[in-house]
Amino acid sequence: MSDPLLDVRDLHVTYRSSRGPVPAVRGVSLHVDRGETLGLAGESGSGKSSLILALLRLAPPGTKVTGSIVLAGEDVMTMRPGRLRAVRWGEAAVVFQGAQHVLNPVQRISRQIQEAIDTHRSSNKVVDLLAQVGIPRWRAHAYPHELSGGQKQRVMIAMALACDPELLIADEPTTALDVMVQAQVLQLLADLQRDRGLAMIFITHDLSVLSTVADRLAVMYAGRLVETGPAREMLRGAKHPYTKALAAAFPTIGDHASRLAPSGLSGDPPDPIAVPSGCPFHPRCPIATDECAVTPVELASVASGWEVACLKV
Amino acid sequence: MSEGVTPLLEVDGAGVTYHGRHGGPPVRAVDGVDLTVAPGEVLALVGESGCGKTTLARAVLGLQPLSDGSIRFDGLPLPRSKAGLRSYRRKAQLVFQDPTGSINPRQSIYEIVAEGLRIHRERADEGGRVAAALTQCGLRPPEQFVHRFPHELSGGQRQRVVIAGAMVLQPRLLVADEPVSSLDASVRGEILQLLLGLSRDNGMTVLVVTHDLGLAWNIADRVAVMYLGRIVEVGTTEQILSMPRHPYTRALLSVVPEQQHLKQQILTGEAPDPAHIPVGCRFHPRCPVYQSGDAERLGILEACTGTDPVLLSGVACHAAR
């Protein structure tokens, strides 16, 4: 097997704050193969966005990042600024959530996409990029307010494709969208991935969305991975109690167990400054015992390519 | 809804028209809605953005005057006078979408929850009623919360505070507009359990406005599907979500991730525009039955493009007849 496109080893991201250091990511290792989609799931505060920022060295100044990040054979941690700029769009591009806040409201979309092309000396054409994301040629000169939410998200995807990246990082790309538009955008991402052989990291807190797009899943809690494995199998039979709770939060319609029985977790996500001892999930865990509060947990293999960090599994 | 029970809420031919912007055509946000909600029932009003569901919810709360039709609450038409509406709103309360944006960050939890009582000048036993509302909404013990401020609470707790602020007046009807869409996955279930519990244990009637069909499956007794200002299908949750008859409901259900029995049917085209409602069936330009030629085979092509279907036995579609 060839080397993975992205290989992250023992990544730590620690922010500085007035209350002292805030460890947002606490030792994460993961990889993404070429042409593969990794679904990264977790709640707000679980560290998934910090992880993404660190991957492209976009974390705010003063943030301490340690570990190793290798993208297409190059070490991102030691890259010079000029090379880093080229890599940011050329090899890995990010589609952020909330497209309406990222686009410049007083510039035509064609000009905003052209800017991305020019800055990175790409040979792509605006109309071709828009065509690939399903926006008709005559809309190219529209302003963002003239477009619907789904169209703006398509424009963001077109910009991300401007320099033919190998890796597309999509941070909650469908969260603010309607069900029908969400389905359209998911379809578009799936088509792009198939046609261009794109690798993708798809971030969300809605596991059910990942069932349609991801090959593998990685679930984060309190800055660490708690479970990682093949998407379909994991969605059907999650092993970690936190993954189970996330999967049950969005019910399967027609499943009588969830009818008039919404399922959730008690308690709240932990404060990154005061992460609970032992397994950080133990205060909210339905199956935790005394030893969970004191014994640290590590990812352990339960099947081929499937790892879980839980003493009870 | 079972026969013979007087509905708490009766919406009859309701319409809301906004003036068109810059001399444009008028916008029919709500265009002839008939709907009843029984006491103690949880009704989910579902549809895409722009379908008029929030406008209808505002009309139910007396925040948006109707252009035509009527709304009756407990058998009586909604009052029109300022004083009449004020006393009506004691009985019908709104739960906002985003708890972070809808509460004042500089007020303590006590002041936030007591605000309704103060507005309605109900001075008797304020402290006791605030504590009771907090307890009812799962913020126990209430004395641990009353002196705290919103930023000290988690997102789920803040949404509980918002619901407690509505419950403190002991209303008959709660209108919840996307009550969990801004919350994290693990908190979502807890808030839905709270709403379901208020209905089951306290007989609260809940009208929940959402685009989330999973939410309806979790807590609703009945579902009403809205498209372009009109209810196109209504029935029990099991009927609508297991055996949908309207092609729009079928399409909505087919794009829910992880559902198994329907082939995915992604509707193309723009979100519909309430300033230009199509003639005939308002859904026909996006309708899979119409586009696939099935409408022609069924001999209803002319009806689809010429006759506006009425809601008959819970569905407004020529093909479902």
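Using a 4.5 Å cut-off between heavy atoms, B:Gln265 contacts chain A through its backbone alone, with no side-chain atom that close. Looking at B:Leu196, the atoms closer than 4.5 Å to chain A (heavy atoms on both sides) all sit in the side chain, from C-beta outward. Looking at B:Leu194, neither its backbone nor its side chain comes within 4.5 Å of chain A, counting heavy atoms on both sides. Of the atoms belonging to A:Ser208, heavy atoms from both backbone and side chain fall under 4.5 Å from chain B.
Side-chain polar atoms of A:Glu43 and B:Ser186 form a donor-acceptor pair below 3.5 angstrom.
Here the side chains of B:Leu252 and A:Val179 are in contact, with some heavy-atom distance below 4.5 Å. With contacts defined as side-chain heavy-atom distances shorter than 4.5 Å, the pair A:Gln187/B:Gln264 qualifies. Side-chain contact check for A:Gln184 versus B:Val255: every heavy-atom pair is 4.5 Å or farther apart.
Among B:Gly47, B:Ser181, B:Ala220, the residue making the largest number of heavy-atom pairs under 4.5 Å with chain A is B:Ala220. Looking only at heavy-atom pairs under 4.5 Å with chain B, the residue among A:Ala41, A:Ala249, A:Gly134 that has the most is A:Ala249. Contacts with chain B were tallied for A:Gly254, A:Ala245, A:Ser266; A:Gly254 has the most, counting heavy-atom pairs under 4.5 Å.
Within the model, atoms CG of A:Leu260 and CH2 of B:Trp217 stand 8.5 Å from one another, a figure rounded to the nearest 0.5 Å. Remark: B:Ile240 CD1 to A:Ile253 CD1 distance equals 12.0 Å, nearest 0.5 Å. Atom CG of B:Leu192 sits about 11.5 Å away from atom OG of A:Ser258, to the nearest 0.5 Å.
Nearest heavy-atom pair, A:Pro251 versus B:Arg188, reported as atom, atom and distance to 0.1 Å: CD-NH2, 4.1 Å.
Panel note: side chain A:Arg259, backbone B:Asn218; no donor-acceptor pair is recorded below 3.5 Å. Using modelled atom types, no side-chain atom of A:Asp178 and backbone atom of B:Glu48 make a donor-acceptor pair closer than 3.5 Å. B:Gln193 places a side-chain N or O within donor-acceptor distance of the main-chain N or O of A:Pro262, the cut-off being under 3.5 Å.
Other residues, nucleotides and ligands place no more than 12 heavy atoms under 6.0 Å from the CZ atom of A:Arg137.
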